[in-house]
Amino acid sequence: MSQESHETPTADKPRVLVLFGGRSSEHEVSCLSARGVLWAIDPDIYDVVSVGITRTGRWTLMPHGVPRTREGTLPAVPEDGETVTLVQTRVGPRLMLLPDDVDAGAADVVDADRGRTVDLGGIDICFPVLHGPYGEDGTIQGLLASVGVPYVGADVAASAIAVDKRQMKHVFAAAGLPQVAHDVVRRADWERDPEGELARIEGLLEYPVFTKPARQGSSIGISRCTDTESLRAGVEDALGYDRVVIIERGLDGVRELECGVVGNDDPVITAPGETIHTGASFYDFDAKYLEPVKLQCPADVPDDVIERCRDYAAQAYDAVGARGLARVDFFYLPDSDEVLVNEINTIPGLTPQSMFPPVWEAQGVAFRVLIDRLLAYAMEASEESARYSP
Ligand SMILES: Nc1ncnc2c1ncn2[C@@H]1O[C@H](COP(=O)(O)OP(=O)(O)O)[C@@H](O)[C@H]1O
Ligand SMILES: [Mg+2]
């Protein structure tokens, strides 16, 4: 492929790198989110370059954005794209297409055109539309920070805390936020003495309980357990995703509320939306992405519940040190009138089924406007970080 076939950046427009896919089990969800973001970025204001990260972690040029898929199937980054990489150069961060020989790991495939690295132009800002490990957890953020590319969303530390339910709960507890009772099982302890661990958990929490890998998302690896055997299975399943498993008291008759947050120093917080369960015993992966879901924005709850959610969302955002955007999720127990903070997501789903876009729509902020603001917050955060750089 020759250099001319790649879109050449226009000098006056900021160039946005949209990253999607990735190594986590939320690969497809990320692709769905990226579809929305690519649609929403205004081409009159920004030049967009799409890079899909394969499941093995290879960055590939995706000139046509997220691949189309048949109804009922989820998109993924194909393995046949050309490998690109982001590097800092004398003239700033640039995206490079690797030569064929390096890409194929063999010297004999060099062709005249691709025997050298192809410069695909400068990158002004990155929108990592990635969920879960290697995307939402600070790893990509660290790469972008070290190469010197401003990016949308939380920094390395805030991302790492928010993605790890154990650390997140510690930070929320330190901030005095109300949460559901929980405990932790570590792989090493489980392997040494599973019966002891089961007995310990059963002494602490009543059934039902939820088992969750500490660092996952999209309900992957989560089970609702009602007795010793299902708890054993739930822990084993969650240990397939992480060496730390969270066990939580299962809440029945709970309503799930979610607030959108955007901004840096003075974040703006939406009224909560509600996800209304249809059929599924909880909001699992299929319920989230493959079945129709009902989102009610704003949620039909008393005003003081809305205010508590907003207040807790602001505290949760500040406690983990988030920037740019986040979604803060709550459990609302109507019988006891309790609002508990469930989690914060620093790269919330932006799929057609997701709550983040509609809670902003309900607030009068269209998705395109929201995406434009997120890019502006990223530039603002990057300028601020530069003040503290040597
Ligand atoms: N303690 C709990 N009680 C009742 N339902 C829960 C509990 N924990 C999780 N759930 C259900 O499982 C879903 C996913 O759990 P969550 O902690 O939000 O993980 P994820 O990071 O995968 O979104 C929640 O949206 C909710 O429907
Ligand atoms: Mg969740």
Side-chain angles (χ1 to χ4, degrees), residues 1-23 30 34 37-38 41 45-54 56-63 77 81-103 105 113-130 133-160 264 321 323-324 346-347 374-390:
M1 184 181 282
S2 70
Q3 190 165 2
E4 288 68 36
S5 63
H6 296 291
E7 216 166 282
T8 23
T10 332
D12 51 348
K13 288 191 210 169
R15 194 119 182 282
V16 181
L17 169 65
V18 176
L19 277 180
F20 57 87
R23 293 173 61 192
S30 155
V37 171
L38 288 168
I41 296 180
I45 304 177
Y46 300 99
D47 264 330
V48 177
V49 49
S50 317
V51 165
I53 303 179
T54 65
T56 54
R58 195 164 61 84
W59 290 34
T60 65
L61 197 61
M62 301 285 285
V77 175
E82 294 173 288
T83 306
V84 293
T85 184
L86 195 58
V87 288
Q88 180 60 278
T89 71
R90 289 193 180 90
V91 289
R94 300 186 83 79
L95 193 68
M96 297 292 187
L97 184 67
L98 289 187
D100 277 342
D101 55 345
V102 173
D103 202 356
D113 258 0
R114 288 289 317 283
R116 60 192 173 82
T117 305
V118 179
D119 181 359
L120 301 180
I123 297 295
D124 298 299
I125 186 166
C126 176
F127 197 142
V129 191
L130 297 161
Y134 306 110
E136 195 174 348
D137 62 351
T139 50
I140 285 284
Q141 290 73 13
L143 186 152
L144 295 168
S146 57
V147 175
V149 176
Y151 54 90
V152 170
D155 69 6
V156 174
S159 303
N264 293 334
R323 272 198 312 207
T346 52
I347 307 184
L374 294 179
L375 293 166
Y377 288 131
M379 294 309 291
E380 180 189 282
S382 153
E383 281 155 24
E384 190 192 23
S385 300
R387 281 176 33 190
Y388 301 105
S389 298

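Heavy atoms only: backbone and side chains are in, while hydrogens, waters and symmetry mates are out. The chain is numbered in sequence order, starting from 1.
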Could you state the interatomic distance from [atom1] ([X]) to [atom2] ([Y]), rounded to the nearest 0.5 Å?
X: Ile53; Y: Ser30; atom1: CD1; atom2: OG; value: 8.0 Å
X: Ile123; Y: Leu17; atom1: CD1; atom2: CG; value: 4.5 Å
X: Leu61; Y: Leu120; atom1: CG; atom2: CG; value: 6.0 Å
X: Asp47; Y: Asp124; atom1: CG; atom2: CG; value: 9.0 Å

Is any side-chain heavy atom of [X] less than 4.5 Å from a side-chain heavy atom of [Y]?
X: Tyr134; Y: Ile140; result: no
X: Val49; Y: Arg15; result: yes
X: Tyr46; Y: Leu375; result: yes
X: Pro150; Y: Met379; result: yes
X: Thr60; Y: Val51; result: no
X: Val147; Y: Val87; result: no

Do the side chain of [X] and the main chain of [Y] share a donor and acceptor less than 3.5 angstrom apart?
X: Thr117; Y: Pro99; answer: no
X: Glu380; Y: Tyr377; answer: no
X: Glu136; Y: Thr346; answer: yes
X: Thr54; Y: Arg58; answer: yes

Notebook entry, point to check: Can you name the side-chain contact (heavy atoms from CB on, under 4.5 Å) partners of Ala381, sequence neighbours left out?
Noted result: Asn264, Arg323
Mind listing the closest non-hydrogen atom pair of [X] and [Y] along with its distance?
X: Gln141; Y: Pro128; answer: NE2-CG, 4.5 Å
X: Ile45; Y: Pro14; answer: O-CD, 3.2 Å
X: Thr83; Y: Leu97; answer: O-CD1, 3.5 Å

Check: Ser50 and Leu38: side chain to side chain contact (heavy atoms under 4.5 Å, CB included), yes or no, with the steps?
Finding: CA-CA 8 Å; Ser50 317; Leu38 288 168; 3.6 Å; yes
Notebook entry, point to check: Salt bridge check: are Arg94 and Asp119 linked by an N-O gap of less than 4.0 Å?
Noted result: yes
Margin query: Go through it in stages, so that I can follow the logic: the residues are Val18 and Val129, the test is side chain to side chain contact (heavy atoms under 4.5 Å, CB included), and I'd like the CA-CA distance, side-chain angles, deciding distance and then a yes or no.
Written below: CA-CA 7 Å; Val18 176; Val129 191; 3.9 Å; yes
Next item on the list: Not counting sequence neighbours, list each pair that qualifies as a side-chain hydrogen bond (donor to acceptor under 3.5 Å, both in side chains) and has a residue in residues 143-160.
Entry: none
Item checked: Reference residue Trp59; test side chain to side chain contact (heavy atoms under 4.5 Å, CB included); the match among Thr85, Leu19, Val77 -> Leu19
